[in-house]
Amino acid sequence: MRAGLAPAVTGARVVSVTVLDDRALTRHRGAASDFESALTGRVLTGAVRRGKFLWLPIETDAAARAVVGHLGMSGQLLLRAPGAPAERHERVRIELAHPRHGELAVVFADQRTFGSLAIDDLVPTIDGAAGGFGSDVALVPVQAAHIARDPLDPAFDEALFRRRVGASASAVKRVLLDQTTVSGIGNIYADESLWAARVHPETPSRALATRTVTRLLDEVRVVLERALAEGGTSFDAQYVNVNGQAGYFAHSLRAYGRTGQPCPRCGTPILRVSFTNRSSHFCPRCQRRRGAR
DNA sequence: CTCTGTTCCTGGCAGC
DNA sequence: TGCTGCCAGGAACAGA
């Protein structure tokens, strides 16, 4: 989605902003009118991502700011022609004028309203490296500053990741889902990475051998790279790119959502168990539970 | 301090 | 056919 937005928004001026549902601004400090006025007339300078946060920096002569978005479960950022009919679950529309591409609309649509947009200040990154993918600027929105980099980021702090994994008594899957330790991993990619690394999701994190942590991190990277290459994981119309097209990674899932179906490695039926109000899917034979618990 | 459970929301679906 | 209830998920937050 970031890659799709970048060429369309970079250098574009905001012509108008329409907030149709205030719940789309739950991350925004201030009223919808403030969101609209902070953006209208400004030029956007790119599209940047860290983990599951996405932001569009705003060209200003004052303090650095950006439109920050988190898609939650069902959020979408779609590129549409100006004046295009309202999308189902449309919450915010930003009309843009691009010097080369002409006029277009960025539409934020979100069925379950876990996602939201905000205007946020940009602050320097702690490590001095670029804030995220899509920019060389060492700035990050306040809202995303506490989030770790994702493991594909060249500045990902692998030593910190290893320390956190080695220190925690929690289930390793919970550590993978903790965005302050490593970002970009949700329930689906956690299950897929654990299956690929042959690690039981409830293994106490600190009980993992060093070589197992290495293998797990390697597999996380393989899963994320492949998911990005295939445009994400689409189960339904909610998971789409900026043109509303579905990603293909759902066809590559080995464990997630495959309850009762044979493990692609050994044929044992995949198990589904309840885990922190979610579900874990894993192979009971390939992913043996290790360590005291 | 670390860790865990709850909460927000909507639409698709199973079951009656 | 139409109703009810369950489920999916990310992250902030409260509380242990």
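Reminder, nothing fancy here: chain letters follow the sequence lines and each chain counts from 1.
Between A:His281 atom NE2 and C:dC7 atom P the separation is 13 Å, expressed in whole Å. Here B:dT4 presents its C1' atom at 11 Å from CZ of A:Phe275, a figure rounded to the nearest Å. One interatomic measurement links the two molecules: CG of A:Leu54 to C1' of C:dG10, which rounds to 15 Å at whole-angstrom precision. Atom CZ in A:Arg27 sits about 7 Å away from atom P in C:dA11, given to the nearest Å. Rounding to whole angstrom units, CD1 of residue A:Ile188 and P of C:dA8 are separated by 12 Å. Atom pair A:Asn187:CG and C:dC7:P shows a separation of 15 Å (rounding to whole Å applied). Across the protein-nucleic acid pair, A:Phe53 atom CZ and C:dA11 atom C1' stand 8 Å apart, rounded to whole Å. Distance, A:Met73 CE to C:dA11 P: 12 Å, rounded to whole Å.
The side chain of A:Ser170 contributes no N or O atom lying less than 4.0 Å from OP1 or OP2 of B:dT2.
Every residue two or more places apart in sequence or in another chain that forms a salt bridge (Lys or Arg N to Asp or Glu O under 4.0 Å) with A:Arg164 is listed here: A:Asp178. In terms of the ring-ring contact (aromatic ring centres under 6.0 Å, His included) criterion, A:Phe108 has no residue partners (sequence neighbours excluded).
Looking at heavy-atom distances under 4.0 Å, A:Ser279 makes contact with sugar-phosphate atoms alone, never a base. At the heavy-atom level, A:Arg272 lies under 4.0 Å from the strands shown only through sugar-phosphate atoms.
For A:Gln179 (side chain) and A:Leu177 (main-chain N/O), a donor-acceptor pair under 3.5 Å exists by modelled atom type.
Pairs engaging residues 6-30 of chain A under the ring-ring contact (aromatic ring centres under 6.0 Å, His included) rule: A:His28-A:Phe35 [sequence neighbours left out]. Residue pairs meeting the salt bridge (charged side-chain N to carboxylate O under 4.0 Å, His left out) criterion with at least one member in residues 259-269 of chain A: none, sequence neighbours excluded.
Salt-bridge check for A:Glu219 with A:Arg215: failed, with every basic side-chain N at 4.0 Å or more from each acidic carboxylate O.
Closest to the A:Ala169 side chain, of the nucleotides C:dG10, B:dC3, B:dG11, is B:dC3.
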Just by protein heavy atoms under 4.0 Å, how would nucleotides 5-10 of chain B read 5' to 3' in B, S and -? SB-BBB
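DNA chain B is contacted by both A:Ser168 and A:Arg88; A:Ser168 maps to the nucleotide lying nearer its 5′ end (nearest heavy atom per residue).
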Would you list the atom pairs, donor with acceptor, under 3.5 Å between side chains in residues 133-148 of chain A and any protein atom, with sequence neighbours excluded?
unit_1   : atom_1 : unit_2   : atom_2 : d
A:Ser135 : OG     : A:Val137 : N      : 3.0
A:Gln143 : NE2    : A:Arg27  : O      : 2.7
A:His146 : ND1    : A:Gln143 : O      : 3.3

